[in-house]
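All remarks here apply to the structure that follows.
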Amino acid sequence: MRRRRSEPRLARVPDHFTRFAAIDWSGAKGRRHKGIALAVCERGDAAPVLVEPPEGVWSRTGVLDWLLAHRAEPMLVGFDMSFCAPFVERGSYLPGESVATEARAFWAYVDAESPDEDLGAASFLDSRRGTHFYLGAADGTKADFLHFRRAEAAHNAMGFGKTTTVYDAIGAAQVAKASFAGMRLLHRLDGRVAVWPFDPPPPEGMLIVELYTAIAARAAGLRKGRSKLRTAAALDEALAALGSQRHAPLARYDDHATDAVLAAAWLRRVIGRPELWSPSGLTAEIARTEGWTFGVP
């Protein structure tokens, strides 16, 4: 008898991770990006610490190099970006253009079509504005571009806060440029580092997951719309709610640094929750085509 729908992609709860990292990512143009921050913590309750970037400011290729250098370590790494574009809703990532039917093929397509420096993808969006991406009123009616992945729809329905779509590339809250730059990174990592849920959790070594820092903020008791931490006291209070000790003073308390620190502590806190590894809405098709956000049960 033919199944009417794919079975959920069940995943075991991994128990080998001893390190936890969170990366606040950036899709900005250029070679160095103040919007990138990387925080790491170990098992236990010591607060996460920021990793100092080469030459003082991170590049995206610098993050790629760091991941590859540490890929053999038992580390869970969370990225604040969307790992793919919606597919299930329309049966295509870019209707009328891309023939890719799984995430890995689409990552390769984005990489091949993006000549931007430092794994950027701004030109990929700019050259398709009005067709696939909304960058302003001249592109038409914004509502026509608002297509979502199933994980994003589940996130919104559960009241975690409103997510945006990777087809909306305008405004401070947009995730489009960072996400497509991230797809280029994932293409470079493909086959070398496991990426969930496209890959099952490995028995050893690194695993990369997608996360929303807003989910970590809610878990730390921060109210919707007030999730940004810009003082040492506020960060310590949020860390304490996640079972973490106080942090070492940061050079700056901006959204990027504090988001990364808090998200790393959150990953460590929730690693053992089975429902996060086997979300109720995750099917084999979704796992293959558009992925899922870790933290959305």
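Index from 1, following the sequence. Values in this document were obtained by computation on a predicted structure and should not be read as measured data.
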Subject >> Intermediate values then yes/no, side-chain contact (heavy atoms from CB on, under 4.5 Å), V110 and R184 >> reply: CA-CA 7 Å; V110 173; R184 296 192 67 191; 4.1 Å; yes
Original post:
Does CZ belonging to R90 count more than 12 external heavy atoms closer than 6.0 Å?
Top reply: yes
Original post:
Cluster question for you: counting only ILVMFWY and a side-chain heavy-atom cut-off of under 4.5 Å, with indirect links fine, are L119 and L68 together?
Top reply: yes
Original post:
Side chains of V63 and T61: closer than 4.5 Å at any heavy-atom pair?
Top reply: no
Original post:
If you round to the nearest 0.5 Å, how far is CD1 of I23 from OG1 of T213?
Top reply: 13.0 Å
Original post:
Is K177 close to L125 at the side-chain level, that is, under 4.5 Å between some pair of heavy atoms?
Top reply: yes
**OP:** Find out if a path of hydrophobic residues (ILVMFWY) with successive side-chain heavy-atom gaps under 4.5 Å connects V99 to F180.
**Re:** no
**OP:** Before giving the answer on side-chain contact (heavy atoms from CB on, under 4.5 Å), spell out for L67 and F79 the whole-Å C-alpha distance, their side-chain angles and the decisive distance to 0.1 Å.
**Re:** CA-CA 12 Å; L67 292 168; F79 268 89; 3.8 Å; yes
Subject >> Smallest separation among heavy atoms of W66 and A21, with atom names >> reply: CH2-CB, 4.4 Å
Original post:
Can you find a heavy atom in the side chain of R32 that is under 4.5 Å from one in the side chain of S59?
Top reply: yes
Original post:
Quick check: does any side chain N or O of E152 sit under 3.5 Å from a backbone N or O of R149, one acting as donor and the other as acceptor?
Top reply: yes
**OP:** To the nearest 0.5 Å, tell me how far L185 CG sits from S179 OG.
**Re:** 12.0 Å
Original post:
Does R129 make a cation-pi contact with Y167, if we ask for NZ or CZ under 6.0 Å from the ring centre and within 45° of the axis?
Top reply: no
Subject >> Test: D254 and K34 ion pair at under 4.0 Å >> reply: no
Subject >> Neighbour count above 12 (heavy atom, 6.0 Å) for E204 CD >> reply: no
Original post:
Do L94 and F133 pass the side-chain contact (heavy atoms from CB on, under 4.5 Å) test, and can you show the C-alpha distance, the side-chain angles, and the key distance before you say yes or no?
Top reply: CA-CA 10 Å; L94 304 174; F133 300 99; 4.3 Å; yes
Original post:
Which of these, D111, D118, D65, sits in a salt bridge (Lys or Arg N to Asp or Glu O under 4.0 Å) with R188?
Top reply: D111
Original post:
With a 3.5 Å cut-off and no angle check, do the side chains of Y109 and E97 form a donor-acceptor pair?
Top reply: yes
Subject >> Closest heavy-atom pair and its distance - V166, C84 >> reply: CG1-O, 4.3 Å
Subject >> Exam field: side chain T293 to backbone V296, donor-acceptor pair closer than 3.5 Å >> reply: no
Subject >> W266 reachable from V13 in the ILVMFWY side-chain graph, under 4.5 Å edges >> reply: yes
**OP:** Using modelled atom types only, decide if a donor and an acceptor are shared between the side chain of D190 and the backbone of L186 within a distance under 3.5 Å.
**Re:** no
Original post:
What's the spacing between S123 OG and E113 CD if we round to 0.5 Å?
Top reply: 9.0 Å
Original post:
Hey, would you say the W292 and W196 ring centroids sit under 6.0 Å apart?
Top reply: no
**OP:** Determine yes or no for a side-chain-to-main-chain donor-acceptor pair under 3.5 angstrom, with S244 supplying the side chain and A240 the backbone.
**Re:** no
Original post:
Can we call the ring centroids of H147 and F87 under 6.0 Å apart?
Top reply: no
**OP:** Please say whether the positively charged group of R128, taken as NZ for Lys or CZ for Arg, lies over the ring of F124, i.e. under 6.0 angstrom from the six-membered ring centre and within 45 degrees of the axis.
**Re:** yes
Original post:
Between R273 and E275, is there a side-chain N and carboxylate O pair less than 4.0 Å apart?
Top reply: yes
Original post:
Distance from L207 atom CG to L76 atom CG, nearest 0.5 Å?
Top reply: 5.5 Å
Subject >> Flag, side chain of T289 to backbone of E285, donor-acceptor distance under 3.5 Å >> reply: yes
Subject >> Any donor-acceptor N/O pair, R71 side chain to G205 backbone, under 3.5 Å >> reply: no
Original post:
When you measure from the side chain of R60 to the backbone N and O of W58, does any donor-acceptor pair fall under 3.5 Å?
Top reply: no
**OP:** Quick one: closest heavy-atom pair of A47 and H247, and the distance?
**Re:** CB-CA, 3.5 Å
Original post:
Which pair of non-hydrogen atoms, one from A260 and one from A22, has the smallest distance, and what is that distance?
Top reply: O-CB, 3.4 Å
**OP:** Output yes when a side-chain donor or acceptor of T165 lies under 3.5 Å from a complementary backbone atom of D168, and no otherwise.
**Re:** no
**OP:** Can you see which heavy atom on L50 is nearest to which on A37, and at what distance?
**Re:** CD2-CB, 4.5 Å
Original post:
Knowing that exactly one of F83, Y93, F198 qualifies, which makes a ring pair (Phe, Tyr, Trp, His ring centres under 6.0 Å) with F106?
Top reply: Y93
Subject >> salt bridge (charged side-chain N to carboxylate O under 4.0 Å, His left out) evaluation trace for E89 with R150 >> reply: CA-CA 8 Å; E89 182 178 331; R150 298 302 87 196; 3.6 Å; yes
Original post:
Could you give the distance from CG (L211) to CG (D259), rounded to the nearest 0.5 Å?
Top reply: 9.5 Å
Original post:
Does W277 reach the side chain of P201, with side-chain heavy atoms less than 4.5 Å apart?
Top reply: yes
**OP:** Apply the test side-chain contact (heavy atoms from CB on, under 4.5 Å) to residues H256 and I36: give CA-CA distance (whole Å), side-chain angles for both, the deciding distance (0.1 Å), then the verdict.
**Re:** CA-CA 7 Å; H256 312 296; I36 295 178; over 6 Å; no
**OP:** Please indicate whether E237 has more than 12 foreign heavy atoms, meaning atoms of other residues, nucleotides or ligands, lying under 6.0 Å from its CD.
**Re:** no
Original post:
Does D144 offer a backbone N or O that forms a donor-acceptor pair with the side chain of T141 under 3.5 Å?
Top reply: no
**OP:** Give a yes or no on whether R43 atom CZ has more than 12 heavy-atom contacts from other residues, nucleotides or ligands under 6.0 Å away.
**Re:** yes
Subject >> Euclidean distance, H187 NE2 relative to W107 CH2, rounded to 0.5 Å >> reply: 10.0 Å
Original post:
Can you tell which of H70, R19, E73, R192 makes a side-chain contact (heavy atoms from CB on, under 4.5 Å) with M206?
Top reply: H70
Original post:
When hydrophobic residues are tied together by side-chain contacts of less than 4.5 Å, even through go-betweens, does V49 share a cluster with L267?
Top reply: no
Subject >> Minimum heavy-atom distance between D116 and A122, given as atom pair plus value >> reply: OD2-N, 3.2 Å
Original post:
Do any N or O atoms from the side chain of D199 and from the backbone of V195 form a donor-acceptor pair under 3.5 angstrom?
Top reply: yes
Original post:
Do V88 and E290 come within less than 4.5 Å of each other through their side chains, counting heavy atoms only?
Top reply: yes
